[in-house]
Amino acid sequence: MKIGVLISGGGTNLQAIIDAIGAGYIDAQIVQVVSSRPDAYGLVRAHEAGIPTCSLNRDMYADPHAANEVIASMFVQAGAEYLVMAGYMRKLTEEVLLAFPDRVLNIHPALLPSFTGAHAVEDAFNAGVKVTGVTVHFANAAYDKGPIIAQRAVDVLEGDTLDALTERIHAVEHVLYPEVLHLLAQGRISIGQDRKVHISE
Ligand code: GRF
């Protein structure tokens, strides 16, 4: 399975995927990393792993459709079969989504459909929920609303801080994303006619 990864920041999820591929757990190759920021540390991680990278800057997103066209053609050219958003903080538009229909994955640090948006951990913490977690889902035009592939709960503990909760959520992300990609590479993940995700044995 050839995958392209989209990042904007530290790239710890990217690193978890690189490591899981290196360990032979995910039968895949990352053919291209695209960053929405030239200073994303995830780019360093990609370089160190010998993965081709490309970064866009703020100016290029002045026209999001043009930016997405560049992104789509980059991944198509690299031969990517699936795209994996790993902390990518820009919206993907139809130029990419139509080029990879039902083939774009995202990870979200909350139990969707609760706490959509860019501040999910903080929003859940401030709401006082006792359980939050991590969701991996297919991305489509409706932000944070695509078919859910996998979820894992994370308890909010007595005396918890936002930092501590964020750290535990990240730790779960680094396990869950590789698990999903492992299943995807084995061809075990599909979307049914009901638009729900099914995972075969
Ligand atoms: C993760 O918490 C992810 O759920 C969110 O952005 C964060 C990315 O972290 N969408 P990293 O860049 O993988 O370290």
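Remember, it's a predicted structure, so these values are computed and weren't measured experimentally. We count residues from 1, following the sequence as given. We count ligands from 1, going down the list as the structure has it; atoms in each ligand are counted the same way.
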task = Would you mind telling me which of Val154, Leu157, Asp155 makes a side-chain contact (heavy atoms from CB on, under 4.5 Å) with Leu165?
result = Val154

task = Examine ligand 1 and decide if any of its atoms is less than 4.0 Å from a heavy atom belonging to Ile7.
result = no

Protein residue, atom and distance nearest to atom 10 (N) of ligand 1, heavy-atom basis = Ile107 O, 3.4 Å

For a quick test of your reading: what N or O donor-acceptor pairs under 3.5 Å do the side chains of residues 50-58 make, sequence neighbours left out?
{"unit_1": "Asn57", "atom_1": "OD1", "unit_2": "Asp59", "atom_2": "N", "d": "3.2"}
{"unit_1": "Asn57", "atom_1": "OD1", "unit_2": "Met60", "atom_2": "N", "d": "3.0"}

remark   = Exactly one of Asn13, Asp19, Thr12 clears side chain to side chain donor-acceptor pair (under 3.5 Å) with Gln15, and that residue is Asp19

request  = Please work out which of Gly11, Gly87, Ala16 has its closest non-hydrogen atom nearest to atom 12 (O) of ligand 1.
outcome  = Gly11

message = Could you tell me, atom by atom, which parts of ligand 1 come under 4.0 Å of a heavy atom of Glu173?
response = 1 (C), 2 (O), 3 (C), 4 (O)

query = Quick check: does any side chain N or O of Arg188 sit under 3.5 Å from a backbone N or O of Ser200, one acting as donor and the other as acceptor?
reply = yes

query = Nearest to atom 9 (O) of ligand 1, what protein heavy atom do you find, and at what distance?
reply = Asn13 ND2, 3.8 Å

query = Would you say Thr135's side chain and Gln151's backbone share a donor-acceptor pair under 3.5 angstrom?
reply = no

Per-pair distances, 0.1 Å, donor-acceptor, side chain in residues 80-102, under 3.5 Å, sequence neighbours excluded:
{"unit_1": "Glu81", "atom_1": "OE1", "unit_2": "Lys2", "atom_2": "N", "d": "2.6"}
{"unit_1": "Tyr88", "atom_1": "OH", "unit_2": "Tyr61", "atom_2": "OH", "d": "2.6"}
{"unit_1": "Thr93", "atom_1": "OG1", "unit_2": "Asn68", "atom_2": "OD1", "d": "3.4"}
{"unit_1": "Thr93", "atom_1": "OG1", "unit_2": "Asn68", "atom_2": "ND2", "d": "3.3"}
{"unit_1": "Thr93", "atom_1": "OG1", "unit_2": "Glu95", "atom_2": "OE1", "d": "2.5"}
{"unit_1": "Glu95", "atom_1": "OE1", "unit_2": "His65", "atom_2": "ND1", "d": "3.2"}
{"unit_1": "Glu95", "atom_1": "OE2", "unit_2": "His65", "atom_2": "ND1", "d": "3.0"}
{"unit_1": "Asp102", "atom_1": "OD1", "unit_2": "Arg195", "atom_2": "NH2", "d": "3.0"}
{"unit_1": "Asp102", "atom_1": "OD2", "unit_2": "Arg195", "atom_2": "NH1", "d": "3.0"}

ask   = Counting from 1, what ligand 1 atoms have a heavy atom of Thr12 closer than 4.0 Å?
value = 11 (P), 12 (O), 13 (O), 14 (O)

Atom indices of ligand 1 within 4.0 angstrom of Pro109 heavy atoms, with elements = 4 (O)

query = Does ligand 1 have a heavy atom under 4.0 Å from the side chain of Met85, from its backbone, from both, or from neither?
reply = neither

